[in-house]
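Just so it is clear, the values below take in all heavy atoms, side chains as well, and ignore hydrogens, waters and symmetry mates. In this chain, residues are counted from 1 in sequence order. One-based numbering, in listed order, for ligands and for the atoms of each.
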Amino acid sequence: MSFTVETAARTAPATVIVGIDGPSGTGKSSTSKAVAAKLGLRYLDTGAQYRAITWWMLVNGVDVQDADAVATAATKPVIVSGTNPSAPTITVDGQDASGPIRTQEVTSAVSVVSAVPEVRALLTELQRGIAATAERGIVVEGRDIGTTVLPDADLKIFLTASAEARAARRSGELKGKEAVDLTATRDALVKRDAADSGRKVSPLAKADDAVEVDTTELTLEQVIECVVTLIESALSRAGQSA
Ligand code: DC
């Protein structure tokens, strides 16, 4: 009898849920996508969802500084995330939002919108539903995945890096420009992190059982390798393989 049980356990497809949190510019997106693609898992960018709802508020003339107005409007947009790590998508009411959610206007407003509890409750529910239906498993990136969205994740990772390294990565495309660009980028990142860490509901925070990886001195390839190794060891501890 035990033979049957062991065989079933070994041949059962592994389902793995990985949460990757951390502040902006730590390489969360690039790492999460690459790791998910390598291991055949789905990928969810929860930041894109917060950006999408923020974009919808701005387009529809909702005053983002008015938390009550944001809370009332929050149920209206239909946000759909495509979870293929090689080509993730995001639509709002059926419209491709992948470009508009990356504008400076959205980046400046997203912290205030994502601090509204009703917005967080709606998106948290959406995120849990997506994770629950990912067949082989999923890598979910954000700020509160390990603490709030998926507290039972098989592996929680918290990526960090110095503010200077993060700003340099974010400004990568501005290479060759003066130092003032880097300083402005660094200041904007630090300001957004402070808002995300300081909000009352599910702030940016490391879960007690998360593994912290400081990426300051690491290349993207090294971070990916490190995370894949962490997932493989978590699975082998649990008696599965990716
Ligand atoms: O990862 P990003 O920079 O695209 O995220 C945009 C914003 O969304 C970020 O400033 C904070 C918010 N966010 C959040 O509050 N919770 C998440 N799980 C993901 C993002």
Taking atom 20 (C) of ligand 1 as the reference point, the nearest protein heavy atom with its distance: Gly47 CA, 3.5 Å
Element-labelled atoms of ligand 1 that are located less than 4.0 Å from some non-hydrogen atom of Gly142: 18 (N), 19 (C)
Shortest protein heavy-atom distance from atom 12 (C) of ligand 1, along with the residue and atom involved: Ser114 OG, 3.7 Å
Enumerated ligand 1 atoms positioned under 4.0 Å from heavy atoms of Ser111: 10 (O)
Sub-4.0 Å heavy-atom contact, Arg170 with ligand 1: no
Protein contact to atom 11 (C) of ligand 1 [nearest heavy atom, distance to 0.1 Å]: Asp196 OD2, 3.2 Å
Matching residue for Arg166 among Asp193, Thr215, Thr26, Thr216 - test: side chain to side chain donor-acceptor pair (under 3.5 Å): Asp193
From Arg143, Glu141, Gln127, Arg120 - option closest to atom 15 (O) of ligand 1 by heavy atom: Arg120
Arg199 versus Ser114, closest heavy-atom pair with distance: NH1-OG, 3.7 Å
Atoms of ligand 1 close to Arg102 [distance to a heavy atom under 4.0 angstrom, numbered from 1]: 4 (O)
Identity and distance of the protein heavy atom lying nearest atom 19 (C) of ligand 1: Thr46 OG1, 3.4 Å
Atom 18 (N) of ligand 1 - nearest protein heavy atom and its distance: Asp144 OD1, 2.8 Å
Shortest protein heavy-atom distance from atom 4 (O) of ligand 1, along with the residue and atom involved: Arg51 NE, 2.7 Å
